[in-house]
Amino acid sequence: MCAVLVALPLTAEADGVAALCADAPAPAPVCDCAAAALALEVAQDDYALYQSVGFDYARLRADGERRAAAWEAALTAAETRAGGGVTSVRRRVDAVARTHRAVIRQCTN
């Protein structure tokens, strides 16, 4: 059996939470602070879900997609991966996004 490893660049695109913060826009130190604070504020599985949405969002934005369209497409991808519970996925991501915006504001001050 052979495995292929793909190395991602160490950029905001490689970290979905940082990508969402950078698109806010906020500077890297604020985004680092906000990511650490967010990880303490939300459940680990919700953080992972938000991270995956952010990763997809960053990829779509890098490909030239507009913010709203990228956000919707990233949410749809997360819903598809979840295999159901569409309302639950959106509700969870929206709740984490609200918390993320709050900790970005806290880290800015």
Verify the cluster assignment for [X] and [Y]: are they in a single hydrophobic cluster under the rule of side-chain heavy atoms below 4.5 Å apart?
{"X": "Trp71", "Y": "Val96", "value": "yes"}
{"X": "Tyr50", "Y": "Val42", "value": "yes"}
{"X": "Val93", "Y": "Ile104", "value": "no"}

Roughly how far, to the nearest 0.5 Å, is [atom2] of [Y] from [atom1] of [X]?
{"X": "Cys33", "Y": "Leu38", "atom1": "SG", "atom2": "CG", "result": "11.0 Å"}
{"X": "Leu49", "Y": "Leu75", "atom1": "CG", "atom2": "CG", "result": "8.5 Å"}
{"X": "Asp32", "Y": "Cys21", "atom1": "CG", "atom2": "SG", "result": "8.5 Å"}
{"X": "Glu79", "Y": "Glu72", "atom1": "CD", "atom2": "CD", "result": "8.0 Å"}
{"X": "Arg67", "Y": "Leu60", "atom1": "CZ", "atom2": "CG", "result": "14.0 Å"}

Ignoring hydrogens, what is the shortest heavy-atom contact between [X] and [Y]? Give both atom names and the distance.
{"X": "Ser52", "Y": "Arg81", "answer": "OG-NH2, 3.3 Å"}
{"X": "Gly16", "Y": "Gln51", "answer": "N-OE1, 2.6 Å"}
{"X": "Glu65", "Y": "Arg61", "answer": "O-NH1, 3.0 Å"}
{"X": "Ala18", "Y": "Cys31", "answer": "O-SG, 4.3 Å"}
{"X": "Cys107", "Y": "Ala34", "answer": "SG-N, 3.4 Å"}

Side-chain heavy-atom pair Asp15, Phe55 within 4.5 angstrom cut-off: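 No, side chains not in contact.
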
Residues Asp56, Arg59: salt bridge by 4.0 Å N-O rule: yes

Arg98 and Glu41 ion-paired at < 4.0 Å: no

